[in-house]
Number of protein chains: 2
Amino acid sequence: MSDPASAPEQVLALDNQTCFALYAANRAMTALYRPVLATLGLTYPQYLVMLVLWEAESREGAVRVSFVGQRLRLDTGTLTPLLKRLEGQGLIQRQRDADDERVVQVALTGKGRLLKAQAREVPGQLLCGSGLDPQRLASLRDELRSLLVLLDEAPSGG
Amino acid sequence: MSDPASAPEQVLALDNQTCFALYAANRAMTALYRPVLATLGLTYPQYLVMLVLWEAESREGAVRVSFVGQRLRLDTGTLTPLLKRLEGQGLIQRQRDADDERVVQVALTGKGRLLKAQAREVPGQLLCGSGLDPQRLASLRDELRSLLVLLDEAPSGG
DNA sequence: TAGATAAATATTGTGCACAATTTAATTTTG
DNA sequence: CAAAATTAAATTGTGCACAATATTTATCTA
């Protein structure tokens with residue numbers, strides 16, 4: 001009753017919405033990455049795909065399109081054109097699997113592997129001079145991850 | 001040294017990135033809103049614009065396009081077509097300001113005002129059955145907002 | 001007051017996201 | 001083994017985001 005956030009006029013107040021805080025913070029974070037990633041010739045989603053491939057390389061080598069999709073929670077409508085752009089840049093190779101012609105395997109090229117060295121500098125570059133506290137960021141990350149689990153469990157209208 | 005997150009191979013690990021947690025949580029949150037907002041005939045960014053207008057209505061009445069842009073941190077490249085769609089739905093009216101012909105005033109229509117009543121149910125609908133704790137959400141919101149302040153202050157490469 | 005500068009919005013072009021459908025290949029079943 | 005069902009990726013279409021540029025109107029300044 002005394003909670004101002006549940007007063008009738010506050011329920012829809014923009015600044016009370018967690019969803020808007022999430023939306024705004026995500027775009028601000030992406031904007032912070034943009035100029036740094038531009039020096040690698042990558043957009044932010046392309047960078048995420050490269051993270052998946054660099055991580056996979058140490059074990060599986062090539063991975064399926066659907067594997068990238070599972071990791072990033074993206075479908076082929078997003079990934080297919082994105083992967084074609086990365087291939088156009090010579091960072092990856094896309095190849096139909098001979099054993100199962102439905103599958104497309106995505107593998108790093110030498111150039112794509114080399115880019116990892118430059119990418120290693122990215123997280124540090126962003127932290128330096130950004131006034132962000134690593135520990136606080138890590139705890140925010142953990143909080144967001146547990147939110148994600150809850151959102152996944154939420155009934156999606158079905 | 002003993003921090004696993006700063007081990008060479010962990011710096012680029014996808015699941016260690018706060019930016020990815022933010023990116024994934026934002027999309028999951030939007031996905032949760034999508035079916036609910038669809039019943040109002042709105043996309044998520046359109047809903048945010050309506051929140052701005054409903055909030056402004058109680059005071060200023062009509063607002064400039066640039067005001068909406070400041071509140072949501074969006075430029076006219078995003079807003080102009082979005083506002084045209086809302087106008088096409090009959091929820092808002094766009095009108096050149098007679099005093100300053102550079103300005104476009106955005107005002108709610110009767111239909112747009114009526115939609116607010118339905119929208120009031122949205123936050124509740126999303127919380128119910130989503131397993132989300134309001135208090136925890138509020139503290140996440142506050143943490144995201146202070147992150148946003150820091151990101152705004154960060155040198156943007158200029 | 002004419003010309004320069006600034007301000008507000010619109011336009012153009014690229015790259016995501018995502019729903020819905022399509023295509024092609026594999027697996028399952030009768 | 002053939003028809004049906006399933007799976008993997010691609011395609012199509014809509015709607016953001018955002019950089020860069022253009023257009024129009026207002027203001028400033030010499």
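Chain letters run A, B, ... following the sequence lines, proteins first, then strands; residues in each count from 1.
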Which whole-number value in Å describes the distance from [X] [atom1] to [N] [atom2]?
X	N	atom1	atom2	value
B:Asp75	C:dA8	CG	C1'	12 Å
B:Asp99	D:dT27	CG	C1'	15 Å
B:Leu72	D:dA17	CG	P	10 Å
A:Gln95	D:dA10	CD	P	13 Å
B:Leu74	C:dT9	CG	P	14 Å
B:Leu79	D:dG15	CG	P	15 Å
B:Phe20	C:dC16	CZ	C1'	15 Å
B:Lys84	D:dG15	NZ	P	14 Å

Walking DNA chain D from its 5' end, the first of A:Arg94 and A:Arg34 to be reached, judged by nearest nucleotide, is A:Arg94
Can you work out whether A:Val65 or B:Arg85 has the more 5'-proximal nearest nucleotide on DNA chain D?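 Closer to the 5' end of DNA chain D: A:Val65.
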Is the shortest side-chain N/O distance from [X] to OP1 or OP2 of [N] below 4.0 Å?
X	N	value
B:Thr80	C:dA10	yes
A:Ser66	D:dA9	yes
B:Tyr23	C:dC16	no
A:Arg64	D:dA9	no

Are more than 12 heavy atoms, taken from residues, nucleotides or ligands other than A:Gln105, located less than 6.0 Å from that residue's CD atom?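 Counting other residues, nucleotides and ligands, CD of A:Gln105 exceeds 12 neighbours.
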Under the 3.5 Å rule, do the base of D:dT7 and the side chain of A:Arg102 count as making a donor-acceptor pair?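 Result: at least one qualifying N/O pair found.
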Is it the case that the base of D:dA10 and the side chain of A:Thr76 share a donor-acceptor contact (distance under 3.5 Å, atom types as modelled)? yes
Apply the test salt bridge (charged side-chain N to carboxylate O under 4.0 Å, His left out) to residues A:Glu57 and A:Lys116: give CA-CA distance (whole Å), side-chain angles for both, the deciding distance (0.1 Å), then the verdict. CA-CA 11 Å; A:Glu57 167 114 295; A:Lys116 187 176 185 179; over 6 Å; no
Which is more 5' along DNA chain C, the nucleotide nearest B:Thr30 or the one nearest B:Leu83? Just name the residue.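 Taking each residue's closest nucleotide, the earlier one in sequence belongs to B:Leu83.
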Between A:Tyr44 and A:Ala98, name the one whose nearest nucleotide on DNA chain C is closer to the 5' end. A:Tyr44
Determine the sole option in B:Arg27, B:Met29, B:Arg141 for which the side-chain contact (heavy atoms from CB on, under 4.5 Å) test with A:Leu22 is passed.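 Single pass found, and it is B:Met29.
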With heavy atoms under 4.0 Å as the rule, sort [X] into base, sugar-phosphate or nothing.
X	answer
B:Leu82	sugar-phosphate
A:Thr78	base
A:Asp100	sugar-phosphate

Say whether A:Ser146 and B:Arg136, considering side chains only, have a donor N or O and an acceptor N or O under 3.5 Å apart. yes
Spatial distance of atom CG (B:Leu126) from atom CG (B:Leu32) [nearest 0.5 Å]: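 Output value for this atom pair is 5.0 Å.
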Mind telling me whether B:Tyr33 and B:Tyr47 have parallel, tilted or perpendicular rings, with 30° and 60° as the class edges? tilted
